[in-house]
Amino acid sequence: MAATARRRDGQVAQERMLEEAMTAIAEDGLASLTMSALGKRLGTSGGHILYYFGSKDRLLLEALRWSESGLADERRALLNRRVTADRKLDQFMELYLPRGPRDPRWTLWIELWARTSADEALRQAQDELDRGWQEDLVSLLDKGVRQGRFASLDAAECASQLLALLDGLSTRIVLGQRGSERSAVLATARSAARRLVARP
């Protein structure tokens, strides 16, 4: 029982560190996130955080995984909603896009993308996270075709194209490029989705 309690305490501690890391990135940016600074926010030491994660890169990857896990739960709930396939597709895109230039999840994605070519474990983790979005979008599109809401299509290819478009648009939001306010980008995504996903 004591060992179980210790494991649970360790899990809670790690989740608290990941949550605080995401908050720090949203408030101050990724460049300002150090183990020492995060430790101060948590009332502990940078060494204590390293005990759990081993390195800053590992902390960033686990923070992204933690964030994506929550979004995966939201995607599953979305796919089970009793709304039209068109509405589900729209809500999927809203969930995918960053909330704004300081979105910590997307800040992490961009940082880790730049590192994947030199880190096989990181590339595999990225592929795993990407696969969840791809599979759920394919499922959404296939169901829309079966229900007669979407015209016949290659769901896997269409999903890949739409996600690539959303990645590019998301990067523009995070970088704060001119004309990349979230509402404008979402309108662009909706327009592109209407072209990619034909209606019968």
Side-chain angles (χ1 to χ4, degrees), residues 11 14-15 18-19 21-22 25 30 53-81 83-99 103-147 149-175 182 185-186 188-190 192-198:
Q11 181 182 358
Q14 288 181 61
E15 288 181 357
L18 298 174
E19 181 180 18
M22 295 297 277
I25 293 168
L30 186 55
F53 297 103
S55 69
K56 181 178 176 180
D57 282 357
R58 179 71 179 180
L59 169 70
L60 296 180
L61 176 58
E62 292 307 317
L64 182 59
R65 278 187 168 139
W66 175 76
S67 173
E68 288 287 336
S69 175
L71 286 173
D73 291 341
E74 291 188 56
R75 288 200 313 272
R76 281 189 286 273
L78 165 61
L79 293 175
N80 289 322
R81 282 183 199 142
V83 296
T84 66
D86 301 83
R87 182 66 184 133
K88 282 184 184 180
L89 179 56
D90 190 71
Q91 291 174 345
F92 183 98
M93 292 189 296
E94 287 189 47
L95 186 62
Y96 195 90
L97 290 169
R99 295 186 182 95
D103 187 299
R105 176 178 68 101
W106 271 99
T107 299
L108 281 176
W109 265 119
I110 292 171
E111 177 72 18
L112 294 175
W113 275 340
R115 303 182 188 192
T116 54
S117 62
D119 188 327
E120 179 61 19
L122 191 55
R123 187 191 64 76
Q124 290 179 6
Q126 176 203 349
D127 287 346
E128 175 191 333
L129 294 173
D130 280 340
R131 195 176 310 121
W133 287 98
Q134 171 83 13
E135 289 173 354
D136 285 348
L137 183 52
V138 167
S139 175
L140 190 162
L141 294 173
D142 275 336
K143 188 171 183 179
V145 171
R146 290 195 305 273
Q147 293 174 337
R149 303 294 300 193
F150 303 146
S152 180
L153 50 77
D154 181 334
E157 178 62 23
C158 186
S160 293
Q161 291 176 4
L162 187 53
L163 290 172
L165 171 77
L166 292 173
D167 284 343
L169 292 173
S170 295
T171 303
R172 290 179 60 83
I173 293 175
V174 174
L175 295 178
R182 192 174 193 275
V185 168
L186 186 55
T188 299
R190 287 168 173 155
R194 283 193 293 272
R195 295 189 193 94
L196 284 171
V197 185

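Given the structure is predicted, the values throughout are model-derived calculations rather than measurements.
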Atom CG in Leu78, atom CG in Asp73: separation rounded to 0.5 Å? 12.5 Å
Pairwise distance CZ(Arg172) to OG1(Thr188) - rounded to 0.5 angstrom: 8.5 Å
Do we see a donor-acceptor contact under 3.5 Å between the side chains of Trp109 and Glu68? yes
Would you mind reporting whether Asp86 and Val197 have side-chain heavy atoms less than 4.5 Å apart? no
Side-chain contact test, heavy atoms from C-beta onward, threshold under 4.5 Å: evaluate it for Gln126 versus Leu61 and give yes or no. no
Verify side chain to side chain contact (heavy atoms under 4.5 Å, CB included) between Trp133 and Val138, making sure each step is shown before the conclusion. CA-CA 9 Å; Trp133 287 98; Val138 167; over 6 Å; no
Residue pair Leu137 / Leu89, side-chain heavy-atom distance below 4.5 Å: yes
Close side-chain approach of Ser67 to Met22, heavy-atom, < 4.5 Å: yes
Once you round to the nearest 0.5 Å, how far does CG of Leu165 lie from CE of Met93? 9.0 Å
Candidate pair Glu128 and Gln124, rule side chain to side chain donor-acceptor pair (under 3.5 Å), full reasoning: CA-CA 6 Å; Glu128 175 191 333; Gln124 290 179 6; over 6 Å; no
Please determine, by modelled atom types, if Glu157 and Gln161 share a side-chain donor-acceptor pair under 3.5 angstrom. yes
What is the minimum heavy-atom distance between Leu97 and Arg182, and which atoms define it? O-NH2, 3.5 Å
Check whether any side-chain heavy atom of Leu30 lies under 4.5 Å from a side-chain heavy atom of Leu60, and answer yes or no. yes
What's the spacing between Lys88 NZ and Leu141 CG if we round to 0.5 Å? 11.5 Å
Heavy-atom pair with the smallest gap, counting every atom of Leu108 and Ala63: CD1-CB, 3.9 Å
Arg75 side chain to Tyr96 main-chain N or O, any donor-acceptor pair under 3.5 Å? no
Would Leu169 and Leu186 count as a side chain to side chain contact (heavy atoms under 4.5 Å, CB included) if you check the C-alpha gap in whole Å, the side-chain angles of each, and the deciding distance to 0.1 Å? CA-CA 9 Å; Leu169 292 173; Leu186 186 55; over 6 Å; no
Answer yes or no: does atom NZ of Lys143 have more than 12 heavy-atom neighbours from other residues, nucleotides or ligands under 6.0 Å? no
At what distance, to the nearest 0.5 angstrom, does CZ of Arg123 lie from CG of Asp130? 11.0 Å
Is it true that atom CZ of Arg190 has more than 12 heavy atoms of other residues, nucleotides or ligands lying nearer than 6.0 Å? yes
Does any part of the side chain of Asp167, heavy atoms only, come nearer than 4.5 Å to the side chain of Trp113, both counted from C-beta? yes
Should the pair Arg65-Glu62 be classified as a salt bridge under the 4.0 Å nitrogen-to-oxygen rule? yes
Closest approach of Val145 and Ser152, non-hydrogen atoms and distance? CG1-CA, 4.2 Å
Gln134 side-chain N/O to Ala156 backbone N/O, donor-acceptor pair under 3.5 Å: yes
Is there a side-chain contact between Arg81 and Arg87, using heavy atoms and a 4.5 Å cut-off? no
Ignoring hydrogens and angles, tell me if any N or O in the side chain of Ser170 forms a donor-acceptor pair with the backbone of Leu166 under 3.5 Å. yes
Smallest heavy-atom separation, Pro98 atom then Val174 atom, equals CG-CG2, 3.8 Å
Does the side chain of Ile173 reach to within under 4.5 Å of the side chain of Trp106, using non-hydrogen atoms? no
How close do Ala85 and Leu140 get, counting heavy atoms only, and between which atoms? O-CD2, 3.9 Å
Under a 4.0 Å threshold between the charged nitrogen and the carboxylate oxygen, would Arg146 count as salt-bridged to Asp142? no
